[in-house]
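Naming: A, B, ... by sequence-line order, numbering from 1 per chain.
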Amino acid sequence: MSHRIVLTSSKGGTGKTTTALNLAVALAERGRSTIVVDLDPQGAIGFFLAKEDGEWSGLAEVMISGAPAADALLPTSLPTLRILPRGRMDPVDTCEYEQQLHRSDILGTTLAAVEDEVDYVLLDTPSGLGPVTRAALAVGDFALLPLQAEPVAFRTMSQILRVLDHIRQNENPELKLLGILATMVRLDNDPSLNVMSSVWSGFGGVLDTVIPRADVFTEASELGVPLSFLGGGTRPEARRFTLLSDEIEARINRMTGVEDEQEPRRLV
Amino acid sequence: MNRNPAGSSDIDVARALSRRLCGLEPGTGETAAAPSPYLRFAGSADAEPVTPTGGDDDVQQTLNDFTRWDEFLAWALNTVRSTAAFAVDPQGFVIGSSGNVPEDGFEGTGAELSYVMSQADVMNPVMGGLEAVGLEFANRRLSGFRANLPEAEGFVIAFIDAEGFTTATRQQIARQLEHSFAVLL
């Protein structure tokens, strides 16, 4: 059974797409069959991977012309990772795209059609609390909230948490908060540290793994690759996503009552 | 250092919600009891939630058991976010309406709409039968589609100023009409 993880935040620029893609790579590299779904009407995943806006077919073709969802999946150089791109949607149709996703069951049926023998489906949503986010949360199993460790992003946390709470109570009782992931963390910077201090004191679900602010992310985006695909050996930041995938898998196992595969270590 | 980076009320709410959502606190925590600072729009998303789907066996929308045309049309109006909705029978008579209905009703509009659709039907045989129309007038927008059900052939469901009149919402309404039609008649 696949686990659908919705990456969402009300503020833009918190690292949703970066996290979705690098986490998907980390899960795939540990052998988990993984699909990343680009729900952002702007096609953030495509841009992240330095593709032209209309280069890939995908979800738009499924929605507009009824193309089989499986045909819209894009294989990658990792056998266990596939991408469901946004597709060749005209940007002027963004409103129609958002409303169709929200007001029909197209997202649920599309996911159900492709997730046989898939371990993880990562749903990358646009910023904000609009129709696409709502549609994704309505069909998701878990919500992962990237929190940019800066004051403005922190101030918006109550908004997304309120929407999660509302959707769980009214639309999707199975939805769980998988975790709050601090991103762009700078512990040498007072405002960033203050945010982290507040998050670490009393918030539920805060993940131990944090993603630091680092130039290597810009380098990767310039080349259009995930971090672990950068040359020059494994970067420490890529290792963070490996740790994140460990932590997320363990947390999901715990939340779904699955025994952790890893035996506890013994000192003597 | 250690200045509060957000409003204390927002932090408290977020903290409590995060703890509740990940199961650290029971469902009726302080946020549930506290008065909400938010205003809600009438007829907001609660009225028409997305139907979560869990797999191949669960791809149908939730169907309502409407017993009256006005109930069905009120739901349809909400689904396409229009100001008014009405149903027209194959003879062009309006048999039900909901929403912001003009004082003189939709009788004339219903008949004219049926006539327009029958004219458009023969416009170009290669294009097939007409399924839906969207007419932009100077003051209002009129949309309608045919309920292509064996038992409801020729029935038209129409809307005034519909914002979400898409193929998907039409199909949603058609499925609901198919489910309710025998009772509505």
Identify all side-chain donor-acceptor contacts of residues 131-138 of chain B below 3.5 Å with residues at least two apart in sequence or on another chain.
none

Where does A/L145 contact chain B at under 4.5 Å (heavy atoms): side chain, backbone, both or neither? neither

Of the listed residues (A/A143, A/G205, A/P131, A/G204), which shares the most heavy-atom pairs with chain B below a 4.5 Å separation? A/G204

Just grab all the side-chain hydrogen bond (donor to acceptor under 3.5 Å, both in side chains) pairs involving residues 140-152 of chain A, residues at least two apart or on different chains. A/K11-A/Q148, A/Q148-A/E150, A/E150-A/R213

Highest number of heavy-atom pairs under 4.5 Å with chain B among A/M157, A/R251, A/M63, A/Q99 belongs to A/Q99

A/T125/A/K16 under side chain to side chain donor-acceptor pair (under 3.5 Å): CA gap, chis, key distance, verdict: CA-CA 8 Å; A/T125 65; A/K16 287 183 292 296; 5.7 Å; no

Can you confirm if the NZ or CZ of B/R19 lies within 45° of the ring axis of A/F203 and under 6.0 Å from the centre of its six-membered ring? no

Can you tell which part of A/S201 gets under 4.5 Å to a heavy atom of chain B, answering side chain, backbone, both or neither? both

